[in-house]
Amino acid sequence: MAIKVYIPGPFRVATNNSSKIEGYGDDVGEVLKDVGRRYPGIKALIFDSKGEVADHVCVFINGRDINTLQNNGTKVTEGDEVSIVPAMSGGAVPFTEEQIRRYSRHIILPQVGGKGQRKLLGAKVLLIGAGGLGSPTALYLAAAGVGTLGIVDFDTVDISNLQRQILHHNHDVGRLKVTSAQESIADVNPDVQVIPHALALTSENALEIIRQYDIVVNGCDNFATRYLVNDACVFLNKPLVDGSIFLFEGQASVFMPGRGCYRCLYPAPPPPGMVPSCQEAGVLGVLPGIVGCVQAIETIKLILGIGEPLAGRLLLFDALSMDFRVMRLRKDPSCPVCGDNPTITELIDYEEFCGAPITVG
Amino acid sequence: MTIENTKVNLELDLRGEVCPYTFVKSKLAIEDMEIGEVLQVILDHMEAVDNVPKSMTNEGQQVLGVDQINETDWAVTILKQKD
Ligand SMILES: [Zn+2]
């Protein structure tokens with residue numbers, strides 16, 4: 001009986017890049033042996049020297065671990081799917097020749113090496129917005145081999161975006177930004193899995209989306225989303241790499257769980273109308289390139305655990321005077337969300353609260 | 001320097017490979033080894049015969065020997081000292 005077998009990314013070198021192949025047999029053991037016979041590369045990857053499934057590989061059938069069923073003796077029938085799931089970023093999976101060449105300048109760095117590169121490949125980063133800030137961040141994180149990039153953006157590409165949003169190109173005008181982003185990223189590095197979230201972030205969906213990632217990078221252009229993402233990261237203990245731009249100036253900071261948040265700095269958003277949204281304001285096109293790249297560097301430092309994160313500090317960048325300044329930040333014990341007696345204990349949708357328009361991008 | 005009495009734990013044949021991949025592959029191999037183990041890399045790219053020992057020393061490893069083993073090939077022997 002032919003059973004579908006899912007092959008994980010790191011093993012596809014042995015299957016001509018196929019993610020689904022077929023194996024024949026009446027139980028899981030027979031199917032795996034058959035796959036090993038027809039793809040000798042797979043055999044070497046999933047079986048140990050005794051011919052047993054190696055300890056660093058799990059086998060699932062229809063989403064259930066075979067260890068909780070009858071192991072290799074688990075019967076299979078038409079329509080079942082067997083999935084091979086290796087331990088990731090544990091160093092068990094060797095780099096492909098292409099990866100060795102692609103990441104060679106990282107591997108050479110004493111602070112990165114093969115171990116660091118595996119951390120990057122195993123990391124899951126969520127980008128809020130595929131606009132001016134999200135573009136350079138996404139491209140550099142993808143080029144660096146950050147293995148999973150989630151991208152939240154409900155918007156479509158407008159020709160006025162192309163002045164700064166370098167993820168998108170002329171032929172993308174009118175298309176969903178997440179779709180355009182996914183294609184640009186695939187052109188840069190096929191190792192990266194992009195998870196598109198073509199939706200507006202709200203109090204309803206923010207926690208379930210952010211929960212799936214290790215680090216959140218905020219590249220949104222409005223206060224409602226900035227506060228929503230900040231609060232969600234506090235509730236979920238996720239590091240937040242924040243960035244914002246306005247006219248010729250930019251800000252960036254890293255908020256580590258338990259060490260302060262955006263509300264420690266600015267407890268509440270300004271009233272609607274007082275500050276123009278990005279749609280009404282001008283912005284120097286290169287500016288988000290600088291701030292987005294700062295965010296990309298901070299994200300990579302967090303993944304690798306190297307250097308000093310931009311935590312407890314606010315970086316201010318003024319393009320006109322070409323001035324970088326660093327302000328000290330501290331955790332505010334009276335912060336409404338991360339302080340000692342928080343008054344905000346659930347997510348707030350500021351657009352309902354104050355009537356300001358909410359868009360991401 | 002001679003390597004006659006050194007026990008080699010892993011030999012890596014990098015003939016045909018050029019810089020910087022000679023070092024990149026040597027580094028990846030030594031990362032997976034234990035401290036105190038010895039890696040021997042076989043090279044036929046002259047530039048790498050200079051560069052691999054230098055880079056390994058920079059990374060804190062100890063180069064035990066750089067020996068020509070035949071007309072075209074060299075063996076670089078490295079003791080892993082640092083993770
Ligand atoms: Zn706070």
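Bear in mind that the values here come from a model prediction, so they are computed numbers and not experimental data. Numbered from 1 within each chain, the chains take letters A, B, ... in sequence-line order. Side chains are part of it too, since the values below use all heavy atoms of this structure and drop only hydrogens, waters and symmetry mates.
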Taking NZ in A:K301 as the centre, count heavy atoms belonging to other residues, nucleotides or ligands within less than 6.0 Å. Is the count above 12?
yes

Residues in ring pair (Phe, Tyr, Trp, His ring centres under 6.0 Å) with A:F324, at least two apart?
A:F317

Does CD in A:E98 sit with more than 12 non-hydrogen atoms of other residues, nucleotides or ligands closer than 6.0 Å?
no

A:Q117 CD to B:E31 CD distance, which is reported to the nearest 0.5 Å
10.5 Å

Residues of residues 102-111 of chain A under 4.5 Å from chain B (heavy atom pairs)?
A:S104, A:R105, A:I107, A:I108, A:L109, A:P110

Would you give the length of the straight line joining atom NZ of B:K27 to atom NZ of A:K115, rounded to the nearest 0.5 angstrom?
9.5 Å

Heavy-atom neighbours of B:Y21 OH exceed 12 at 6.0 Å:
yes

B:Q68 CD: over 12 foreign heavy atoms closer than 6.0 Å
yes

